[in-house]
Asker: 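Please see the structure below; I have some questions.
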Amino acid sequence: MTMKTNQPNITLTPLQPDDREQFILDNQWAFKYGAQQEFGLRDTRTEEGEEVISRTTIENSIDGENAEVYRILLDGQKVGGVVLKIDREKAEGELELLFVSPEVHSKGIGQAAWKAVEAMHPEIKAWETITPYFEKRNIHFYVNRCGFHIVEFWNKYQHGPAIPDEEAGNWSEDDEMFVFRKVMR
């Protein structure tokens, strides 16, 4: 399903198999750019010792159960992507990944893409996502542009369900995350 937004030049289209590798690389670049903007070029906040977001993390999202993966197009050009996880039984959705190419930041593309996601899934009653504590642009985007609310702060004392208690002590400030929730009206 391809969905057009209210802005005629923004489109979400399903990820094609031959675009998977570039989607991963574009996602990694967008996350790396954000970390470089915040911390500089010599940042150590990486997964697998190389990227801010690892190939494994992206692939697990793309290949996850109930995943929907879309490219964000601006005038037909690939400028980002979205990975959703939809639980139709519970009428809940997770925004696993959303990225926009740094070359086109601050043009309303992310917000238009998010509105398109909501329009595609009117059955979803609540959405959740997470973002690193240091990603001020993302925090601003989710709270001020998309209407999410911060509902939890993950850190070494209070962490997400995927982290066993015995590993929580290994967390540093670099691992801190905000959890966002948006209840639909």
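Not measured: the values here are computed from a predicted model.
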Asker: Does some side-chain heavy atom of Trp127 sit less than 4.5 Å from a side-chain heavy atom of Arg181?
Answerer: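 No, too far: nothing below the 4.5 Å cut-off.
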
Asker: Do the side chains of Ile86 and Met184 join up, straight or via other hydrophobic residues, at under 4.5 Å, putting them in one cluster?
Answerer: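 Linked within one cluster.
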
Asker: Output all residues satisfying side chain to side chain donor-acceptor pair (under 3.5 Å) with His149, sequence neighbours left out; order by chain, then residue number.
Answerer: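 Not a single residue meets the side chain to side chain donor-acceptor pair (under 3.5 Å) criterion with His149.
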
Asker: For Tyr70 and Leu84, what are the C-alpha separation, side-chain angles and deciding distance, and is it a side-chain contact (heavy atoms from CB on, under 4.5 Å)?
Answerer: CA-CA 9 Å; Tyr70 300 95; Leu84 309 171; 4.1 Å; yes

Asker: Kindly write out the residues that satisfy ring-ring contact (aromatic ring centres under 6.0 Å, His included) with His105, not counting sequence neighbours, or none if the list is empty.
Answerer: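 Listed in chain order: Tyr33.
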
Asker: Within this structure, what is the CG-NZ distance for the pair Asn9 and Lys107, rounded to the nearest 0.5 Å?
Answerer: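 The NZ atom of Lys107 is 11.0 Å from CG of Asn9, to the nearest 0.5 Å.
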
Asker: Quick one: list whatever passes salt bridge (charged side-chain N to carboxylate O under 4.0 Å, His left out) with Lys85, sequence neighbours left out.
Answerer: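 Listed in chain order: nothing, the list is empty.
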
Asker: Mind listing the closest non-hydrogen atom pair of Pro122 and Ala119 along with its distance?
Answerer: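 Shortest heavy-atom separation between Pro122 and Ala119 comes out as CD-O, 3.4 Å.
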
Asker: Could you give the distance from CD (Glu65) to CG (Asn60), rounded to the nearest 0.5 Å?
Answerer: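 Output value for this atom pair is 13.0 Å.
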
Asker: Which heavy atom of Lys182 sits nearest to which heavy atom of Trp114, and what is that distance?
Answerer: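 In terms of heavy atoms, the two residues are closest at NZ-NE1, 4.0 Å.
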
Asker: Not counting sequence neighbours, which residues clear salt bridge (charged side-chain N to carboxylate O under 4.0 Å, His left out) with Glu89? List them please.
Answerer: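 Scan of Glu89 (salt bridge (charged side-chain N to carboxylate O under 4.0 Å, His left out), adjacent residues dropped) gives none.
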
Asker: Can you name the closest pair of heavy atoms from Ile58 and Gln28 and give their distance?
Answerer: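 In this case the closest contact between Ile58 and Gln28 is CD1-CG, 3.6 Å.
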
Asker: Does atom CD of Glu59 have more than 12 heavy-atom neighbours from other groups under 6.0 Å away?
Answerer: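 More than 12 heavy atoms, drawn from other residues, nucleotides or ligands, come within 6.0 Å of this atom.
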
Asker: Say you draw a straight line from CD1 of Ile62 to CG of Leu15; how long is it, rounded to the nearest 0.5 Å?
Answerer: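 Spacing of CD1 (Ile62) from CG (Leu15) equals 6.0 Å.
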
Asker: Quick one, Val82 and Leu97 - any side-chain contact, counting heavy atoms below 4.5 Å?
Answerer: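 Val82 does not reach Leu97 side chain to side chain.
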
Asker: How about Glu21: does its CD atom have over 12 heavy atoms from other parts shown lying under 6.0 Å from it?
Answerer: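 Enclosed.
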
Asker: Below 4.5 Å, heavy atoms only, C-beta onward: do Ile10 and Leu74 meet side chain to side chain?
Answerer: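 Yes. Closest side-chain heavy atoms under 4.5 Å.
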
Asker: Search all heavy atoms of Arg55 against all heavy atoms of Ile24 and return the closest pair with its distance.
Answerer: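 Nearest heavy atoms, Arg55 then Ile24: NH1-CD1, 3.5 Å.
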
Asker: Under the side-chain contact (heavy atoms from CB on, under 4.5 Å) rule, collect the residues that match up with Thr129, sequence neighbours excluded.
Answerer: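 For Thr129, the residues satisfying side-chain contact (heavy atoms from CB on, under 4.5 Å) (neighbours in sequence not counted) are Leu95, Tyr142, Phe148, Phe180.
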
Asker: Is there a side-chain contact between Leu12 and Leu73, using heavy atoms and a 4.5 Å cut-off?
Answerer: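 Answer no - side chains too far apart.
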
Asker: Got a sec, which pairs hit salt bridge (Lys or Arg N to Asp or Glu O under 4.0 Å) with one end in residues 10-20, sequence neighbours left out?
Answerer: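 Counting only pairs at least two positions apart or across chains, the salt bridge (Lys or Arg N to Asp or Glu O under 4.0 Å) contacts touching residues 10-20 are Asp19-Arg71, Asp19-Lys78, Arg20-Asp63.
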
Asker: Suppose we screen for side-chain contact (heavy atoms from CB on, under 4.5 Å). Which residues come up paired with Glu103, at least two apart in sequence or across chains?
Answerer: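 Here the qualifying residues are Trp29, Ser101.
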
Asker: Do you know the tightest heavy-atom contact between Ala91 and Glu123?
Answerer: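 Between these two residues, the closest heavy atoms are CB-O, 3.4 Å.
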
Asker: Can you name the residues that form a side chain to side chain donor-acceptor pair (under 3.5 Å) with Gln22, not counting sequence neighbours?
Answerer: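 Listed in chain order: Asp26.
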
Asker: Going by heavy atoms in the side chains, are Val143 and Ile150 under 4.5 Å from each other?
Answerer: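 Of all side-chain heavy-atom pairs linking Ile150 with Val143, at least one is under 4.5 Å.
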
Asker: Find out whether Pro102 and Lys32 are in side-chain contact, i.e. whether some heavy atom of one side chain is under 4.5 Å from a heavy atom of the other.
Answerer: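 The answer is no, as the side chains (C-beta and beyond) never meet within the 4.5 Å cut-off.
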
Asker: My understanding is that only residues two or more places apart in sequence, or in another chain, count here; which of them pass side-chain contact (heavy atoms from CB on, under 4.5 Å) with Val179?
Answerer: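 Applying side-chain contact (heavy atoms from CB on, under 4.5 Å) to Val179 gives Glu128, Ile130, Val151, Glu152, Trp154.
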
Asker: Could I get the full list of salt bridge (charged side-chain N to carboxylate O under 4.0 Å, His left out) partners for Glu94, not counting sequence neighbours?
Answerer: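 Counting only residues at least two positions away or on another chain, Glu94 forms no salt bridge (charged side-chain N to carboxylate O under 4.0 Å, His left out).
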
Asker: Calculate, to the nearest 0.5 Å, the distance between atoms CG and CD belonging to Asn144 and Gln111 respectively.
Answerer: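 Output value for this atom pair is 10.0 Å.
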
Asker: Take Glu92 and Lys125, measure what side-chain contact (heavy atoms from CB on, under 4.5 Å) needs, and give me the verdict at the end.
Answerer: CA-CA 6 Å; Glu92 293 179 347; Lys125 304 292 186 223; 6.0 Å; no

Asker: Residues two or more places apart in sequence or in another chain: which of them pass ring-ring contact (aromatic ring centres under 6.0 Å, His included) with Phe23?
Answerer: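 ring-ring contact (aromatic ring centres under 6.0 Å, His included) check on Phe23 returns Phe99.
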
Asker: Under the rule for salt bridge (charged side-chain N to carboxylate O under 4.0 Å, His left out), what residues qualify as partners of Glu68, not counting sequence neighbours?
Answerer: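 Only Arg88 meet the salt bridge (charged side-chain N to carboxylate O under 4.0 Å, His left out) criterion with Glu68.
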
Asker: For the atom pair CG (Asn138) and CD (Glu135), what is the distance rounded to the nearest 0.5 Å?
Answerer: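 If we round to the nearest 0.5 Å, Asn138:CG and Glu135:CD are 4.5 Å apart.
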
Asker: How close do Ser61 and Ala67 get, counting heavy atoms only, and between which atoms?
Answerer: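 Of all heavy-atom pairs spanning Ser61 and Ala67, the closest is O-CB, 3.4 Å.
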
Asker: Between NZ of Lys115 and CD of Glu118, what distance do you get to the nearest 0.5 Å?
Answerer: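 That separation rounds to 8.5 Å.
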
